[in-house]
K.L.:
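Have a look at this one before I ask anything.
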Amino acid sequence: MNPTNKLKIFNDPIYGFITIPNTLIYDLIQHPYFQRLRRISQMGMSYLVYPGAHHTRFHHALGCMHVMQKAIQTLQFKGVSISKEEENALLIAILLHDIGHGPFSHAMEHSIVEDVHHEEISLLFMNELNEEFDGKLALAIQIFKGEYHRKFMYQLISSQLDMDRMDYLRRDSFYSGVAEGNINSERLIQMMDVQDDFLVIEEKGIYSVEKFLVARRLMYWQAYLHKTSVVAEIILMKILKRAKELTQKGIHLECSKPLLFFMEHKISLELFDKQTIKTFALLDDHDVMGAIKAWQFNDDFVLSSLCKMIINRDLLKIKMSDEKPEKEGLIDLKKKFIALHPISDKEADYFIFKGKLKNQAYSKLSEPIRILKKDRTIEDVVEASDQLHLKALSKPVTKYFICFPKVLLDT
């Protein structure tokens with residue numbers, strides 16, 4: 001086969017044309033593990049709020065790779081030496097950073113797989129691919145794990161101003177239509193430099209960083225933590241949790257084989273062997289949505305009721321507050337619901353529960369965003385900015401909520 005056939009371009013609505021730089025990256029994109037990301041939605045259940053938010057992890061991963069290409073070019077132009085091998089490793093690491101996401105992005109982590117996070121599964125996939133590609137991913141894995149001696153490279157993959165955030169804010173804003181999330185990623189990238197092995201932003205780029213942090217805060221409250229998105233995501237997790245509970249009791253539920261495997265077994269990180277990874281790679285949004293369509297007719301009241309809520313977008317009522325909810329209020333709601341439906345107290349927990357949401361646009365405890373001053377000194381963006389709101393953005397904001405069936409509004 002002519003290798004030049006592999007130097008393809010993608011047409012992206014955000015950046016225009018995205019080029020695949022070499023045959024190895026083309027082969028990774030072509031791999032079934034990566035192609036699966038076409039069937040994993042980037043914003044989970046947010047499409048129930050923003051009908052346009054149907055873009056996928058595949059889309060996002062390519063966008064991240066493109067933004068990384070631009071960042072590498074900028075840094076090289078400014079005299080930062082990045083070898084061809086390092087460049088390739090950075091592109092592979094960012095391309096595969098989300099490969100471990102399960103259906104609807106986060107729902108699996110909290111319901112079917114026992115507290116195994118997508119970053120850990122991403123690493124398992126990368127190790128598998130490294131074997132398959134004769135060790136060509138070794139450096140990418142080292143950078144991804146933060147073990148490579150050049151620290152700024154890890155910051156490009158994972159930090160408070162990494163290529164992941166650079167793409168998802170702009171992309172999610174575009175597809176959801178939440179204009180407040182739109183950031184000027186080109187300007188941010190042009191302002192990047194490396195000083196003392198740290199990623200820095202030139203002082204004249206400080207306003208772009210401020211805009212980026214404000215955009216992040218607004219996207220969280222308006223999109224990612226939108227109360228309807230939140231309640232839909234929780235219902236989805238509760239569906240999977242209930243389905244697993246019933247399966248473990250020996251009740252047969254109609255669903256795909258890969259989904260059934262994860263419902264029948266307790267899978268922790270230690271149990272994620274090669275076969276488990278292969279099975280996980282067969283899971284995507286369609287398995288879950290197909291199951292939910294079937295389960296809405298199940299005899300189990302809890303499972304069928306929750307499934308109908310997602311299918312018909314008739315969700316639980318969610319009430320947000322700055323104060324912690326009173327325990328008595330929840331007990332009262334439970335009693336009323338049990339009076340309407342003959343279910344146990346434990347089953348009522350599927351419909352009536354409380355929780356909290358935390359949003360922090362910038363964390364002073366994490367790796368800071370460093371501003372390179374004109375005198376070549378480095379300052380944390382919060383200190384360098386003359387805007388008081390940046391100090392406010394670094395304070396975590398917590399909101400509390402309770403969820404309950406709408407039928408209880410009238411009782």
Side-chain angles (χ1 to χ4, degrees), residues 15 21 63-94 97 139-140 142-170 181-217 360-396:
Y15 310 113
C64 289
M65 181 188 77
H66 174 76
V67 180
M68 182 68 88
Q69 284 174 307
K70 298 285 172 209
I72 291 167
Q73 283 166 11
T74 299
L75 293 176
Q76 286 175 330
F77 179 72
K78 291 181 183 178
V80 179
S81 75
I82 299 171
S83 70
K84 200 76 198 143
E85 193 190 1
E86 287 171 331
E87 181 180 337
N88 217 22
L90 282 166
L91 294 176
I92 291 168
I94 199 70
H97 79 282
L139 185 55
Q142 212 183 338
I143 294 171
F144 181 79
K145 287 162 81 173
E147 291 172 357
Y148 192 54
H149 67 278
R150 303 189 77 184
K151 291 285 172 278
F152 79 89
M153 293 194 175
Y154 179 67
Q155 287 175 279
L156 287 167
I157 307 285
S158 180
S159 66
Q160 296 200 76
L161 194 63
D162 58 28
M163 301 305 107
D164 177 32
R165 292 178 187 195
M166 210 79 84
D167 181 80
Y168 78 61
L169 283 175
R170 201 165 161 190
N182 197 7
I183 56 160
N184 189 347
S185 50
E186 276 99 349
R187 169 84 178 155
L188 281 164
I189 285 165
Q190 287 303 321
M191 293 297 110
M192 283 183 172
D193 204 343
V194 172
Q195 175 97 340
D196 305 328
D197 203 32
F198 288 117
L199 198 61
V200 294
I201 299 288
E202 291 174 23
E203 192 173 8
K204 59 189 175 199
I206 194 163
Y207 302 119
S208 300
V209 176
E210 285 175 12
K211 166 95 167 49
F212 166 84
L213 292 173
V214 171
R216 188 162 184 266
R217 175 179 171 266
Q360 191 173 10
Y362 181 72
S363 168
K364 292 184 90 173
L365 301 174
S366 304
E367 186 79 42
I369 294 175
R370 295 175 172 85
I371 301 297
L372 181 65
K373 308 288 283 276
K374 288 191 175 68
D375 62 4
R376 307 303 286 174
T377 58
I378 290 173
E379 213 173 355
D380 186 320
V381 66
V382 174
E383 311 310 324
S385 169
D386 55 6
Q387 288 296 312
L388 291 172
H389 68 250
L390 275 203
K391 284 192 171 58
L393 284 180
S394 54
K395 286 193 175 73

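Below, all heavy atoms of this structure are taken into account, side chains as well, without hydrogens, waters or symmetry copies.
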K.L.:
Will you find, in the side chains of Asp380 and Tyr362, an N or O donor that is under 3.5 Å from an N or O acceptor?
P.N.:
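Yes - a donor-acceptor pair under 3.5 Å links their side chains.
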K.L.:
Search all heavy atoms of Gln155 against all heavy atoms of Asp162 and return the closest pair with its distance.
P.N.:
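Closest approach of Gln155 to Asp162: O-CB, 3.5 Å.
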K.L.:
Could you check whether any side-chain heavy atom of Lys211 comes within less than 4.5 Å of a side-chain heavy atom of Arg187, counting everything from C-beta outward?
P.N.:
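Not touching, per the 4.5 Å side-chain cut-off.
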K.L.:
Taking the side chain as every heavy atom from C-beta outward, state whether Phe77 and Gln190 have any pair of such atoms under 4.5 Å apart.
P.N.:
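Not in contact.
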K.L.:
When you check the gap from the basic side-chain N to the acidic O, do Lys78 and Glu202 get nearer than 4.0 Å?
P.N.:
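Yes, this pair counts.
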K.L.:
Checking side-chain contact (heavy atoms from CB on, under 4.5 Å) between Leu199 and each of Leu156, Leu161, Val80, which is the one that passes?
P.N.:
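Option passing the side-chain contact (heavy atoms from CB on, under 4.5 Å) with Leu199: Leu156.
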K.L.:
Does Glu186 come within less than 4.0 Å of Lys70, counting only side-chain N to carboxylate O?
P.N.:
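Looking at Glu186 and Lys70, the cut-off is not met.
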K.L.:
Are the side chains of Ile72 and Leu91 in contact, using a 4.5 Å heavy-atom criterion?
P.N.:
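Result yes, sub-4.5 Å side-chain heavy-atom pair found.
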K.L.:
Check Arg165 against Phe212 and note the closest heavy-atom contact, atom names and distance.
P.N.:
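Closest approach of Arg165 to Phe212, heavy atoms only: CB-CZ, 3.9 Å.
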K.L.:
So Met191 and Ser208, do their side chains get closer than 4.5 Å, heavy atoms only?
P.N.:
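No, too far: nothing below the 4.5 Å cut-off.
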K.L.:
Holding to ring pair (Phe, Tyr, Trp, His ring centres under 6.0 Å), I want the full list of residues that pass it with Tyr154, two or more places apart in sequence or in another chain.
P.N.:
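Expected list: none.
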K.L.:
What pair of heavy atoms forms the shortest contact from Ile201 to Leu188, and how long is it?
P.N.:
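That would be CD1-O, 3.9 Å.
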